[in-house]
Amino acid sequence: MALFALVDCNNFYVSCERVFDPKLEGKPVVVLSNNDGIVVARSNEAKALGIGMGVPEFQIRHLIRRHDVQVFSSNYTLYGDMSQRVMETLAQFTPNLEVYSIDEAFLSLSGFTSRDLTEYGRTIKATVKRWTGIPVSVGIAETKTLAKVAGRVAKRSIGAAGVFDLTVCQDRNALLALTPVEDIWGIGRNWARLLKQHGITTALSLREADVHWVRGTMGVVGERLVRELHGVSCLALDDCPPPKQGITVSRSFGRSVTTLAEMKEAVAFYTGRAAEKLREERLAVTVLTVFLTTNTFKDEPQYSNAATIKLPVATDSTFDMLRHALHGVERIYRDGYRYKKAGVMLTALVPASQVQGDLFDQQDRERSRTLMRVLDRLNDHMGAGTLRYAAEGITKRWQARFERRSPAYTTRWEELPVAKVS
DNA sequence: TCTGGGGTCCTAGGACCC
DNA sequence: TCTGGGGTCCTAGGACCC
């Protein structure tokens with residue numbers, strides 16, 4: 001029988017901030033998205049105040065002021081590093097580990113059935129807390145979907161204290177009946193609405209729904225989900241993820257961009273970042289898309305467009321990508337609009353080691369590769385942006401704001417936390 | 001004044017081929 | 001009257017995830 005544990009970091013970004021600033025413990029804390037736009041993580045105290053996920057910051061200012069909510073800009077360098085520490089800790093417990101997202105992992109526990117799994121879950125939870133400072137909850141069940149349900153119980157039930165094993169649960173049906181459909185992994189807003197229209201409101205009623213009807217309305221995804229709720233594992237542990245299919249870098253601007261020159265600077269910057277990620281994955285790109293858009297929330301003239309460029313030869317060189325990307329911007333940019341966002345997408349990726357040559361390719365690939373290697377190493381060691389392209393510009397007035405960002409405690413020497421003894 | 005960013009998978013429909 | 005059938009590939013769009 002298949003057996004999974006879902007390990008989920010509690011309020012992950014908030015917990016990362018708390019590790020380095022314990023005074024935040026017990027207080028309402030939120031972390032904001034890029035550009036300090038919306039709420040992306042809340043402490044339990046912040047949730048209790050009614051602060052929703054994805055709510056724009058300006059809509060909750062009154063709550064922030066009244067309850068002295070601690071607000072942070074997101075610090076992805078810190079969260080990425082902390083995530084890696086958590087995942088390395090989990091890897092101590094099993095080689096069969098799927099890192100599902102920045103704050104979640106599935107562990108295969110097949111073959112562990114002779115143990116007391118709740119006890120094992122507690123050991124995992126305690127070890128992660130001790131080694132990284134991050135609190136997690138653990139859900140255990142025969143399928144990934146049920147492990148998610150178990151994880152939800154682990155988090156909410158006081159008795160569970162952060163660990164819940166569904167396989168030894170006395171009354172599984174009652175528990176599924178207490179799980180609203182919209183809280184099931186794989187059921188989003190649209191499907192929840194549709195299911196409710198048909199009287200399906202809980203995980204239990206979805207499990208008991210007619211499979212053919214589900215297949216007809218929700219396709220194979222829905223059918224798989226119903227089977228998973230029945231305890232039939234359809235989603236295997238994916239412990240060696242396939243190579244990325246696409247790389248996107250896009251940002252909202254800190255203030256509107258209204259000139260072609262500034263737009264080109266922003267796109268040059270995004271292209272540089274995308275190219276770095278591409279080289280990290282040892283991939284090369286064959287299709288590059290540039291897009292830009294005005295602010296759809298505003299009542300003003302709207303325009304958005306994209307240029308897709310098929311490259312003659314797959315490349316991982318920032319210079320190649322810059323040339324095409326900037327040409328793309330020139331093609332789609334229209335004067336007279338206030339732009340809010342732009343981005344670069346790299347698709348149709350191939351392994352960098354297998355790039356197809358081109359008879360008419362005049363460039364010295366080897367030289368450009370050496371240059372890129374030097375550039376990446378330098379930026380890696382000396383800090384991002386140490387060496388960058390003239391096309392990115394100097395002023396960067398378009399750059400997003402992070403006004404309340406915590407220090408990069410774990411990844412920059414000059415921002416290391418200091419312990420003072422008095 | 002102020003509304004994120006980066007992904008995956010599935011499906012339907014059209015083009016094209018034999 | 002009556003205009004094949006089946007496969008593949010690609011793309012756009014819709015759903016979802018964190």
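The sequence lines fix the lettering, A, B, ..., with proteins before strands; numbering per chain opens at 1.
In this structure, A:Ser74 and A:Phe402 approach most closely via the heavy-atom pair O-CD2, 3.7 Å.
Listed by chain and residue number, A:Phe106, A:Trp185 satisfy the ring-ring contact (aromatic ring centres under 6.0 Å, His included) test with A:Tyr100 (two or more places apart in sequence, or in another chain).
Separating the OH atom of A:Tyr13 from the P atom of B:dG5 is a distance of 13 Å, rounded to the nearest angstrom. Here C:dC17 presents its C1' atom at 12 Å from CH2 of A:Trp191, a figure rounded to the nearest Å. B:dG5 atom C1' lies 14 Å from atom CZ of A:Phe253, rounded to whole Å. Atom CG in A:Leu235 sits about 12 Å away from atom P in B:dC9, given to the nearest Å. Remark: P of B:dC2 and NE2 of A:His62 are 19 Å apart, rounded to the nearest angstrom.
Dashed line: the shortest gap from a side-chain N or O of A:Lys341 to OP1 or OP2 of B:dT3 is not under 4.0 Å. The side chain of A:Ser252 places an N or O atom within less than 4.0 Å of a non-bridging phosphate oxygen (OP1 or OP2) of B:dG5. Neither OP1 nor OP2 of B:dG6 sits under 4.0 Å from any side-chain N or O of A:Lys244. Contact between the side-chain N/O atoms of A:Asn35 and the OP1/OP2 oxygens of B:dC2 is not found at any separation under 4.0 Å. Contact check, A:Thr248 against B:dG5: no side-chain N or O comes under 4.0 Å of OP1 or OP2. Dashed line: the shortest gap from a side-chain N or O of A:Lys148 to OP1 or OP2 of C:dC18 is under 4.0 Å.
In this structure, A:Arg338 and A:Arg251 both approach DNA chain B, and ranking their closest nucleotides by distance from the 5' end singles out A:Arg338. For A:Val249 and A:Glu57, each mapped to the nucleotide of DNA chain B holding its nearest heavy atom, the one lying further toward the 5' end belongs to A:Glu57.
You'll find that the side chain of A:Gln245 is closest to B:dC9, out of B:dG5, B:dT11, B:dC9. In this structure, the nucleotide among B:dC10, B:dG7, B:dG4 sitting nearest to the side chain of A:Ile38 is B:dG4.
Judged by Watson-Crick or G-U wobble contacts below 3.5 Å, the nucleotide B:dC18 has C:dG5 as its partner.
Judged by distance alone, the side chains of A:Ser73 and A:Asp36 do bring a donor and an acceptor atom under 3.5 Å apart.
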Item to check | Step-by-step side chain to side chain contact (heavy atoms under 4.5 Å, CB included) determination, A:Leu176 to A:Thr202 | outcome: CA-CA 7 Å; A:Leu176 291 179; A:Thr202 68; over 6 Å; no
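Contact annotation: side chain of A:Arg61 to base of B:dC2, donor-acceptor pair present below 3.5 Å.
Going from the C1' atom of B:dC17 to that of C:dG4 covers 14 Å, rounded to whole Å.
Taking the six-membered ring for Trp and thresholds of 30 and 60 degrees, A:Tyr76 and A:Tyr13 have ring planes more than 60 degrees apart, a perpendicular arrangement.
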